[in-house]
2 protein chains.
Amino acid sequence: MDFDNNNLSQNKMLNEFDIFKDFLQQKNLRWTPQRKMILEIFLSFDGHVDIESLHQKIQEQDPSLGIATLYRTLKILVDCELVEAHSFHDGKKSYERKFRVQHHDHLICTQCEKTIEFEHALIEKYQIEICEEYGFTLKSHKMELMGVCENCRKE
Amino acid sequence: MDFDNNNLSQNKMLNEFDIFKDFLQQKNLRWTPQRKMILEIFLSFDGHVDIESLHQKIQEQDPSLGIATLYRTLKILVDCELVEAHSFHDGKKSYERKFRVQHHDHLICTQCEKTIEFEHALIEKYQIEICEEYGFTLKSHKMELMGVCENCRKE
DNA sequence: CTATATATTGATAATAGTTATCAATATCAA
DNA sequence: TTGATATTGATAACTATTATCAATATATAG
Ligand SMILES: [Mn+2]
Ligand SMILES: [Mn+2]
Ligand SMILES: [Zn+2]
Ligand SMILES: [Zn+2]
């Protein structure tokens, strides 16, 4: 039952595992080896990952872990704001870390699917102003710039 | 074969039907009563429409018109830029007129699904600048602000 | 006006990503 | 240790959309 080795004593700062465990407890959900492994493998990726890649890597480590559990766990991770979900490529979601990652929007090449991350403080400010103007409480936003990258333009 | 009554002589300005017919001819596609009816019924709606509403209204007028034809025709209308497709509500597309309609982005209430349209010239300008900075040729963008509207906040 | 090549149609099967169902099992607070 | 209940994996179901295909309609050339 001691599958949890992430509470080493020198760790003073809350990490993703602590946040996840706290969230689960708060919601009366349970800390399971499957949830731990999914978070571990998710964190081992850089940038944007899709379900397929996650599932593939999980299978290598534990072929018995079902895909339904992967979907379920990702949903919880999004709920507790450790993970952000995107749907850039129409119908197929991807995920990226959100914990201690600066907010950014995306530039997406429609040919090679490469993405570039950017921030623009003024745009963010104007978004808030627009919401105020119309009496909305802004919860989130989606801003994606679709174009063709330098590489793809050459071909 | 004379199902076309949209070429009245006093019509000097190109309308949606002319544009559509030209586009079809250009692509070696054919002008059919089904395509005409779909465009007519689409234009009879204001704002954003989904497939379901379109199909329902079409059925009233011609129950034999199949849903596949509706999907196919909408795709052509999007291709020829008479129509713009959105996927606000996750997995269910909606459509709106694009011909002679000013570009705008959307504020969306996540509770009642009401949308408000807005434009912000500076945001548009910054989007272009960002693309230039990263060597992208901007093709389109998606900007959706998700929030809670005044009405929904009261409840 | 034909005839002919080929685009279109409607019915329906297929697809893809995701969610629901359910009985067996695991977690965890008491 | 126990027991209430959350979780799991297998798989069926679901939803929006697309593909398939034989019958039919359109456009164009003769
Ligand atoms: Mn990102
Ligand atoms: Mn609109
Ligand atoms: Zn590219
Ligand atoms: Zn609302």
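Owing to the predicted nature of the structure, the values given are computational and were not obtained by experimental measurement. By convention in this document, chain letters (A, B, ...) are assigned in the order of the sequence lines, proteins followed by strands, and residues within each chain are numbered from 1. Values below: every heavy atom of this structure, side chains too, minus hydrogens, waters and symmetry copies.
- To the nearest angstrom, P of C/dT18 lies 13 Å from NE2 of A/His89.
- Between A/Lys36 atom NZ and D/dT7 atom C1' the separation is 18 Å, expressed in whole Å.
- Comparing A/Leu65 and B/Gln25, the nucleotide of DNA chain D nearest to each residue sits closer to the 5' end for A/Leu65.
- For A/Tyr71, the side-chain contact (heavy atoms from CB on, under 4.5 Å) criterion is met by A/Ile51, A/Ile67, not counting sequence neighbours.
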Short heteroatom pairs, N/O only, protein and nucleotides 1-5 of chain C, under 3.5 Å:
none

Contact list (N/O, under 3.5 angstrom) for nucleotides 12-15 of chain D vs protein:
none

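- Looking at A/Lys36 and A/Glu40, a side-chain N of the basic residue comes within less than 4.0 Å of a carboxylate O on the acidic one, giving a salt bridge.
- The closest donor-acceptor contact from the side chain of A/Arg35 to the backbone of A/Lys21 lies at 3.5 Å or more, if one exists at all.
- The distance between atom NZ of A/Lys27 and atom C1' of D/dT7, rounded to the nearest whole Å, is 18 Å.
- Between B/Asn28 and C/dA7 there is a side-chain N or O to OP1 or OP2 distance below 4.0 Å.
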Under 4.0 Å protein heavy-atom contacts per nucleotide of nucleotides 19-25 of chain C, with B for base, S for backbone only and - for none: BBB----

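- Nearest-nucleotide mapping onto DNA chain D: of A/Ile76 and A/Pro63, the residue sitting toward the 5' end is A/Ile76.
- Checking D/dT26, D/dA6, C/dT27 against every side-chain atom of A/Thr32, the shortest atom distance belongs to C/dT27.
- In terms of modelled atom types and a separation under 3.5 Å, the side chain of A/Ser53 and the main chain of A/Val49 share no donor-acceptor contact.
- Regarding A/Phe88, its CZ atom lies at a distance of 17 Å from the P atom of C/dG17, rounded to whole Å.
- The side chain of B/Leu29 approaches C/dT8 more closely than any other nucleotide in the set C/dA29, C/dT8, C/dT9.
- Distance A/Leu24 CG to D/dA6 C1': 11 Å, rounded to the nearest Å.
- Cluster note: B/Ile108 groups with B/Phe88 through ILVMFWY side-chain heavy atoms spaced under 4.5 Å, whether in direct contact or through intervening members.
- The distance between atom CZ of A/Arg35 and atom P of D/dG9, rounded to the nearest whole Å, is 10 Å.
- Shown are A/Gln102, A/His103, A/His48; of these, the side chain to side chain contact (heavy atoms under 4.5 Å, CB included) with A/Glu117 is made only by A/His48.
- An OP1 or OP2 oxygen of C/dA26 is reached within less than 4.0 angstrom by no side-chain nitrogen or oxygen of A/Gln34.
- Using a 4.5 Å cut-off on side-chain heavy atoms (C-beta onward), A/Leu107 and B/His141 make no contact.
- Salt-bridge formation is detected for the pair A/Glu52/A/Lys92: a Lys NZ or Arg NE/NH1/NH2 atom is positioned less than 4.0 Å from an Asp or Glu carboxylate oxygen.
- Between A/Phe17 and A/Trp31, the two ring planes are perpendicular [angle over 60°; tilted spans 30° to 60°].
- A salt bridge links B/Arg97 and B/Glu16; the closest N-O separation between the charged side-chain nitrogens and carboxylate oxygens is under 4.0 Å.
- C/dA11 atom P lies 13 Å from atom CG of B/Leu70, rounded to whole Å.
- The number of heavy-atom neighbours closer than 6.0 Å to CD of B/Glu133, taken from other residues, nucleotides and ligands shown, is above 12.
- Residues satisfying the side-chain hydrogen bond (donor to acceptor under 3.5 Å, both in side chains) criterion with A/Asp62, sequence neighbours excluded, are A/Ser64.
- Following rounding to the nearest Å, B/Met37 (CE) and C/dT9 (P) show an atom-to-atom distance of 12 Å.
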